[in-house]
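What follows is a single structure, written as structure tokens, with notes after it.
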Amino acid sequence: MFRTLIVSILFLTSLFGESSKDFSFMGLSVATQNINIDPGESSWESGFAFKYGQQSLDWRTTFNLDYTTGSYYGAFVEIDKILLDDMFGTAKLRPYLGGVAGYMKVDKDELNIALEDSELFEETNGFYFGGNFGFIIYATDNIDLDLSYHYYKVQNLDYMDDLHGASLGAHYFF
């Protein structure tokens, strides 16, 4: 099932381009996020993601492999709409708003869950969805920086509610 999900996600990244020119890119991002653990506990974790995507003038679609130090790893697809180009033209700083859907495998022994509570929760695989907003900053013709904030709602995991935080990415267009 996981392979089918990855193949489907890669296929979807090619569908969201318009008739205009699409630009492929690869990148790396680092993130820090708050992982909300029930009941009322939270933990700040940092991680990184490898990215592959395509961007047109109005849309950007990325496939990400995500690893958060000692907490979880997974994959997600992000689809972003680049905003305000109609009003200001294509600028060096472009805001965007997007949606995210992903899969995660959690190492619950590394989270701050009390031992007696962790034995109650057996599930370690989960799905999440959410949104993000941020700014694309063009450094050169082939490199951009991405500064964003994200919020993901976690499904299938009784002990985890949501993830939210900030990330900084760099993309190389080829």
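The model shown is predicted, which means the values in this text are computed figures rather than measured ones. Residue indices begin at 1 and follow the sequence shown.
Atom CG of Asp80 is separated from atom CG of Asn132 by 5.0 Å, given to the nearest 0.5 angstrom. Atom CD1 in Ile79 sits 13.0 Å away from atom CZ in Phe63 (nearest 0.5 Å). With rounding to the nearest 0.5 angstrom, the CG atom of Leu157 is 12.0 Å from the CG atom of Asp162. Distance check: Leu65 CG to Leu28 CG gives 11.5 Å after rounding to the nearest 0.5 Å. Residue Thr62 holds its OG1 atom at 11.0 Å from CD of Gln54, rounded to the nearest 0.5 Å. The CD atom of Gln55 sits 6.0 Å away from atom CZ of Phe25, with the distance rounded to the nearest 0.5 Å.
Proximity of Gln33 to Thr68: side-chain heavy atoms (C-beta onward) are separated by under 4.5 Å at one or more points. When side chains are defined from C-beta on, Asp146 counts as touching Tyr96, because their heavy atoms get closer than 4.5 Å. Side-chain contact between Ile82 and Leu57 is absent, with no heavy-atom pair separated by less than 4.5 Å. Using a 4.5 Å heavy-atom cutoff, the side chains of Lys153 and Tyr128 are not in contact.
Annotation for Thr69 and Glu45: closest pair O-OE1, 3.3 Å, computed over non-hydrogen atoms. In this structure, Trp44 and His164 approach most closely via the heavy-atom pair CZ3-O, 4.5 Å. When every heavy atom of Asn156 is checked against every heavy atom of Gly126, the shortest pair comes out as CB-CA, 4.1 Å. Nearest heavy atoms, Leu163 versus Val154: CG-CG2, 4.1 Å.
Residue Tyr52 is grouped with residue Ile143 when hydrophobic side chains (ILVMFWY) are merged at heavy-atom distances under 4.5 angstrom, including chains of intermediate members.
Put simply, the residue from Phe48, Tyr73, Phe50, Phe76 that forms a ring-ring contact (aromatic ring centres under 6.0 Å, His included) with Tyr67 is Phe48. Between Met104 and the choices Tyr72, Phe127, Tyr152, the side-chain contact (heavy atoms from CB on, under 4.5 Å) rule is met once, by Tyr72.
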Using a 3.5 Å cut-off and no angle test, enumerate the donor-acceptor pairs between side-chain atoms of residues 166-174 and protein atoms at least two apart in sequence or in another chain.
from: Ser167; atom 1: OG; to: Ser148; atom 2: OG; distance (Å): 2.8
from: His171; atom 1: ND1; to: Asp144; atom 2: OD1; distance (Å): 2.8
from: His171; atom 1: NE2; to: Lys51; atom 2: NZ; distance (Å): 3.4

